[in-house]
S.K.: 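Here's a structure for you.
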Amino acid sequence: MVRTAEREMGAKHFKLLAHTKETLKNAPVDEGFKNILDGLPDPVIIVGPDLRILHANTATEEQFGLRLFNESFYALTRQPEALACIRKAKEEGRSAETKILFSDGKFDSTFRFSVSPIDLPRIRTEWLVISMTDVSHVNDAEQIRREFVANVSHELRSPLTTLTGFIETLKGEASEDKGARSRFLQIMENEAARMERLVSDLLSLSKLEADERIRPKDTVDVCDVVRNTISVLRPIADRSGSSIELVGKENGLIVSGDLGQLTQVFHNLIENALKYGSENGTVMVNCLIKHNIDEILGPVACVEVTDQGDGIDAVHLPRLTERFYRVDKHRSREVGGTGLGLAIVKHIVNRHRGRIAIASQLGVGSNFSVMVPLQTQSPST
């Protein structure tokens, strides 16, 4: 009788497990489980064996702007990679992963797409957990790295090719030609100097990126920095027939800053204005206080550098602070530019919790404005 009772209990238990398994195939997701999923930052979806969505967490609906409950997974995507990943997870009974692309019409986003079967103790529910993690920033960083390496290689290859060619020429047919030797050596000196500037700027940029999150704590008068920079650059302006005019406040624009880096910013902007401005033109440098600047609380010290050059087409303005981006590559190399100056300016201004604004009009000129928060409290705070 004991064994008979055990068999009857075992049969009932087996029937209960079978019934539970069948019920759970398309049962609603437990509220507590939902709350856990809704607290996750990445999109997570629970689907049944027919790929009908039993639950899509809050991040999913925020990301894709869809109300997905009880919809087929096909309402979200029919991408072959995603469907193949789901099929693999179902057939093999273990996690599978791939990458898929979503587009909202303006931007493409790459997601790591993971699918895992849900296994409850002694019950195979046939549910699948689908999670999606946006890895676009990783891909973007990798793309930036590839472009950076390619650009550096290109920038160094040009002068190296020039140097190699002239060295071979000087060793051969031009070895006894004093005029050619003198001319070639001057070109080689210029190319070597360009490589030296490039390496120097790369090292400077690398250091700036490492220190960008460390806010400067020294007290600096921006007006003094601008005046000193102009005095250094005035001989260059005189040689080119241009002039530099300083207007606005003469002192009192006190900021928490790094003297050397701020000097580098204004030296770069004023020197660029002299290089790319009109011949015999005037570079205007204005020091003033501004208020109500977006994303900056309180007043700012603003330095505006305005030239009278050809101006820059609006299509180029958003990219001017990118590494190696040039509007006119040939002219930039002619005047000795490395393509890194404005990228360095941007990183320095970011370190000072400031902003840089660029405005330009073709045939009129360009205006570069640097804004850094005025020191209204102890720089150590």
Side-chain angles (χ1 to χ4, degrees), residues 189-190 192-205 207-208 211 216 218-289 300-309 320-321 326 331-352 354 356-358 365-372 375:
E189 183 181 12
N190 293 340
R194 185 155 74 91
M195 283 196 294
E196 185 178 9
R197 287 193 300 272
L198 177 61
V199 171
S200 176
D201 282 352
L202 285 170
L203 291 173
S204 179
L205 193 57
K207 186 178 186 304
L208 283 170
D211 296 339
D218 293 337
T219 297
V220 179
D221 188 333
V222 170
C223 299
D224 286 342
V225 178
V226 171
R227 272 200 309 273
N228 292 335
T229 304
I230 290 175
S231 67
V232 171
L233 292 173
R234 202 175 293 281
I236 297 175
D238 293 340
R239 285 197 297 271
S240 66
S242 302
S243 62
I244 307 173
E245 185 176 343
L246 177 62
V247 298
K249 291 183 68 66
E250 295 184 358
N251 53 56
L253 296 185
I254 309 298
V255 303
S256 298
D258 182 300
L259 177 60
Q261 289 185 355
L262 289 176
T263 300
Q264 191 174 7
V265 166
F266 300 128
H267 188 285
N268 185 294
L269 294 180
I270 297 172
E271 187 178 39
N272 279 355
L274 292 171
K275 288 178 179 178
Y276 300 106
S278 62
E279 292 184 11
N280 304 316
T282 300
V283 173
M284 299 289 298
V285 183
N286 188 14
C287 298
L288 66 157
I289 296 176
V300 300
C302 178
V303 177
E304 299 177 343
V305 179
T306 306
D307 65 51
Q308 299 171 335
L320 285 181
T321 56
R326 296 182 176 98
R331 185 178 180 188
S332 175
R333 290 195 176 98
E334 274 188 346
V335 299
T338 63
L340 295 172
L342 289 178
I344 290 172
V345 167
K346 180 187 71 172
H347 282 286
I348 292 175
V349 173
N350 286 346
R351 188 190 175 207
H352 286 73
I356 179 170
I358 306 172
S366 303
N367 176 280
F368 290 77
S369 299
V370 170
M371 292 157 282
V372 178
Q375 189 182 103

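As the structure is a computational prediction, the values presented were derived from the model and not from experiment. We're numbering straight along the sequence, starting at 1.
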S.K.: Please report the interatomic distance NZ(Lys346) to OG1(Thr321), rounded to the nearest 0.5 Å.
M.R.: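 Taking NZ in Lys346 and OG1 in Thr321, the distance rounds to 4.5 Å.
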S.K.: For a side chain to side chain contact (heavy atoms under 4.5 Å, CB included) with Gln261, tell me which candidate from Leu208, Val220, Val345, Val225 qualifies.
M.R.: Leu208
S.K.: I need the Asn268 CG to Leu233 CG distance, nearest 0.5 Å.
M.R.: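 Result: 10.0 Å between the selected atoms.
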S.K.: Do the side chain of Ser204 and the main chain of Ser200 share a donor and acceptor less than 3.5 angstrom apart?
M.R.: no
S.K.: Quick one: are Ser366 and Ile358 in side-chain contact, heavy atoms under 4.5 Å?
M.R.: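 Ser366 does not reach Ile358 side chain to side chain.
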S.K.: Report yes if the side chains of Thr306 and Thr282 come closer than 4.5 Å at any heavy-atom pair, otherwise no.
M.R.: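 The answer is no; the side chains never approach within 4.5 Å.
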S.K.: To the nearest 0.5 angstrom, please state how far the CG atom of Leu342 sits from the CG atom of Leu269.
M.R.: 6.5 Å
S.K.: At what distance, to the nearest 0.5 angstrom, does CD of Gln264 lie from CD of Glu271?
M.R.: 11.0 Å
S.K.: Provide the closest heavy-atom pair for Gln308 versus Gly281 in the form atom of the first, atom of the second, distance.
M.R.: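 Smallest interatomic distance, heavy atoms only, reads OE1-CA, 3.5 Å.
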S.K.: For Arg234, which residues count as a salt bridge (charged side-chain N to carboxylate O under 4.0 Å, His left out) partner, sequence neighbours excluded?
M.R.: none
S.K.: Determine yes or no for a side-chain-to-main-chain donor-acceptor pair under 3.5 angstrom, with Asp221 supplying the side chain and Gly252 the backbone.
M.R.: yes
S.K.: Give me the atom names and distance for the closest heavy-atom approach of Ser256 to Gln375.
M.R.: OG-NE2, 3.1 Å
S.K.: Quick one: does Arg197's side chain get under 4.5 Å of Leu340's, heavy atoms only?
M.R.: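 They are not in side-chain contact.
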S.K.: Is there a side-chain contact between Leu262 and Val255, using heavy atoms and a 4.5 Å cut-off?
M.R.: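 Sidechains of Val255 and Leu262: in contact.
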S.K.: Leu274 versus Ile244: any side-chain heavy-atom pair under 4.5 Å?
M.R.: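 In short, these two side chains touch, coming nearer than 4.5 Å.
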S.K.: Under the rule for side-chain hydrogen bond (donor to acceptor under 3.5 Å, both in side chains), what residues qualify as partners of Asp201, not counting sequence neighbours?
M.R.: Thr338
S.K.: Taking the side chain as everything from C-beta on, heavy atoms only, tell me whether Val285 gets closer than 4.5 Å to Phe266.
M.R.: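 No - every pair of side-chain heavy atoms lies 4.5 Å or more apart.
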S.K.: Begin with the C-alpha distance, continue with both residues' side-chain angles, and end with the deciding distance and a verdict on side chain to side chain contact (heavy atoms under 4.5 Å, CB included) for Leu259 and Asp218.
M.R.: CA-CA 8 Å; Leu259 177 60; Asp218 293 337; over 6 Å; no
S.K.: Look up atom CG in Asp307 and atom OG in Ser242, then write down how far apart they are to the nearest 0.5 Å.
M.R.: 10.0 Å
S.K.: Kindly compute the distance separating OG (Ser369) from CG (Asn286), expressed to the nearest 0.5 Å.
M.R.: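 Those atoms lie 9.0 Å apart.
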S.K.: For Ile344, run the side chain to side chain contact (heavy atoms under 4.5 Å, CB included) check against Leu205, Val349, Val265 and tell me which one passes.
M.R.: Leu205
S.K.: Measure across Ala301 and Val222 and return the closest heavy-atom pair with its distance rounded to 0.1 Å.
M.R.: CB-CG2, 4.2 Å
